[in-house]
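Each remark here refers to the structure printed beneath this line.
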2 protein chains.
Amino acid sequence: MNLTRQAEDYLKVIYEIEQGGAPAATTSIAEELNIAAASVSGMLQRLARLGLVKVERYRGARLTAPGRAVALQLLRRHRIIESFLVTKLGYGWDDVHEEAERLEHAASSELIDRMADALGNPTEDPHGAPIPTAAGRVDERRLSSIADMKTGSRARVVRMSDRDPEFLRYLKKRGIVPGANVRVTAREPFEGPITLTVGRVRQAIGAAAAALVYVDDARA
Amino acid sequence: MNLTRQAEDYLKVIYEIEQGGAPAATTSIAEELNIAAASVSGMLQRLARLGLVKVERYRGARLTAPGRAVALQLLRRHRIIESFLVTKLGYGWDDVHEEAERLEHAASSELIDRMADALGNPTEDPHGAPIPTAAGRVDERRLSSIADMKTGSRARVVRMSDRDPEFLRYLKKRGIVPGANVRVTAREPFEGPITLTVGRVRQAIGAAAAALVYVDDARA
DNA sequence: ATAATAAGTTAGTACGTACTAACTTTAATT
DNA sequence: AATTAAAGTTAGTACGTACTAACTTATTAT
Ligand SMILES: [Mn+2]
Ligand SMILES: [Mn+2]
Ligand SMILES: [Mn+2]
Ligand SMILES: [Mn+2]
């Protein structure tokens, strides 16, 4: 099964969208890939023909077992590459996603395994995302975001979106990194700012940003 | 100028063929890339439209200055990647070419420069090929091969083709690696075997193999 | 239930890259 | 000079991937 870069990326975003529970809607995929919805319809048919997704017309796509395997291998490649770039080549955590987005399609399993070995087989990438094993196992537990936290609750940051370098720099400057402890001290309604304490510092972040920072189960 | 993987590879082989002096013939390119000659004709027209090659109909293609720049950057990426894989990730020298052939199209200049730094900015890859600088300078002196050596002459091995892993393992087992000193002790005519002494060991290799091992100017 | 909106699909087009088959040009032989 | 072989080109086809425009289906609001 020799897939193109595009096909692989489709499978990856379908996997990620599906983690939300529902099948991946055409428009969600289109948005994530910055592609017209019509193009997605076309690709979904091709992927279905290859047995990688199951499409229910007008309803969305789900990965088949083989499709899921491809997605997980790609995710593994992506995350090990990011880890390697940060740990071994001095990249900033805000600067690796795009590079990994391309390299993930060119790296052989052998290369990935060698990188993983050189890193001591890490289980998480620099943004806290779990790294699937070579066998395709991965921690898929659903995380809540800071946006889901109740006022007064505490939680530990475990992961964040790595799409936007600026966003990552913003978070880091505020101490919001994997492992940080946060407490929500106030929330404004209507998607208003969320005030939180990170370490000793108090600050407010927007609801949209808060939704992209994931925490382990928020304790009262 | 955003080029596809294919376009980049075409420019690279045109560069390499042109090193022989003459413009790159359609069939030579086709052979090198394992592609039908008709396909090459088509691609040459596209590359010409992009101003990367100059095509003389029925005569062959030559790189323009911009085309040459692209080829040299690709060569740099390829060779630094090979060096990095061997030096930093424990790859065998026989096993890096194919991996580099893909990664070269996905790696950013930033990544390449970081790898080069980590390696101490090497000037040659594991097979003795010179690495172009970021500015696009490279040692282009023409080398003769063992096949060109006169009986009785000595020379130092500086470089060899890295296309075939098996060939590289064959050479290594016989001590034919960059830096080795060889002396031609006998030659059979009609493309017959060439007997040479490497270190203290005496052995005969085929003329085809000898033509793929390059040496510095053969001394009487 | 109807109408309006959002979401999704199909049809038609384009581009890059490859192929084969048929033709043309160039080079080599007689 | 005429013939043949080798090299190269063009024409026509296919596939993957994208687009826009037009249409259809599903969802939401009235
Ligand atoms: Mn990433
Ligand atoms: Mn990607
Ligand atoms: Mn190589
Ligand atoms: Mn290549």
Side-chain angles (χ1 to χ4, degrees), chain A residues 1-14 17-18 20-63 66-67 70-71 74 101-102 104-106, chain B residues 1-14 17-18 20-63 66-67 70-71 74 101-102 104-106:
Chain A
M1 182 88 59
N2 235 352
L3 296 172
T4 61
R5 188 200 153 140
Q6 287 89 324
E8 286 190 333
D9 277 335
Y10 271 86
L11 294 173
K12 192 172 65 172
V13 323
I14 293 169
I17 294 170
E18 262 196 287
T26 301
T27 7
S28 318
I29 301 170
E31 237 165 55
E32 202 69 16
L33 294 173
N34 275 305
I35 268 178
S39 311
V40 173
S41 284
M43 178 63 107
L44 287 182
Q45 289 174 7
R46 252 171 276 139
L47 293 174
R49 189 158 43 76
L50 294 170
L52 297 167
V53 302
K54 205 77 212 281
V55 181
E56 227 183 310
R57 240 163 133 238
Y58 290 102
R59 286 268 128 75
R62 280 184 183 289
L63 297 177
V70 171
L74 187 62
E101 199 55 59
R102 293 188 314 275
E104 63 187 357
H105 309 286
Chain B
M1 183 90 57
N2 235 355
L3 297 173
T4 62
R5 189 200 150 139
Q6 288 89 321
E8 285 190 332
D9 276 336
Y10 270 85
L11 294 173
K12 190 172 63 172
V13 324
I14 293 169
I17 295 169
E18 262 196 286
T26 301
T27 7
S28 319
I29 300 170
E31 239 165 54
E32 203 68 18
L33 293 173
N34 277 304
I35 268 176
S39 311
V40 173
S41 283
M43 178 63 106
L44 288 182
Q45 290 175 4
R46 251 171 277 139
L47 293 175
R49 190 157 41 76
L50 292 171
L52 297 168
V53 302
K54 203 80 209 279
V55 181
E56 227 184 311
R57 239 162 135 238
Y58 290 100
R59 286 267 129 78
R62 280 185 182 289
L63 297 177
V70 172
L74 187 63
E101 200 55 59
R102 294 189 314 274
E104 62 187 358
H105 309 286

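All chains are named by letter (A, B, ...) in the order of the sequence lines, taking the proteins before the strands, and each is independently numbered beginning at 1.
B/Thr26 OG1 to B/Arg57 CZ: the interatomic distance, rounded to the nearest 0.5 Å, is 11.0 Å. Separating the CZ atom in A/Arg5 from the NE2 atom in B/His105 is a distance of 13.0 Å, to the nearest 0.5 Å.
Counting heavy atoms from C-beta on, the side chains of A/Val55 and A/Gln45 never come closer than 4.5 Å.
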Generate the contact string for nucleotides 10-20 of chain D. Rules: B means base contact, S means sugar-phosphate contact only, - means no protein heavy atom under 4.0 Å.
B-----SBSBB
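Listed for the B/Glu8 side chain is no donor-acceptor partner under 3.5 Å among the backbone atoms of B/Leu3. In this structure, the side chain of B/Arg102 engages the main chain of A/Ala106 through a donor-acceptor pair within 3.5 Å.
As a whole-Å value, the separation of B/Glu31 CD from D/dA7 C1' is 12 Å. Atom-to-atom, OH of A/Tyr58 to C1' of D/dA26 comes out at 9 Å; the value is rounded to the nearest Å.
Distances shorter than 4.0 Å separate some side-chain N or O of B/Arg59 from OP1 or OP2 on C/dA27.
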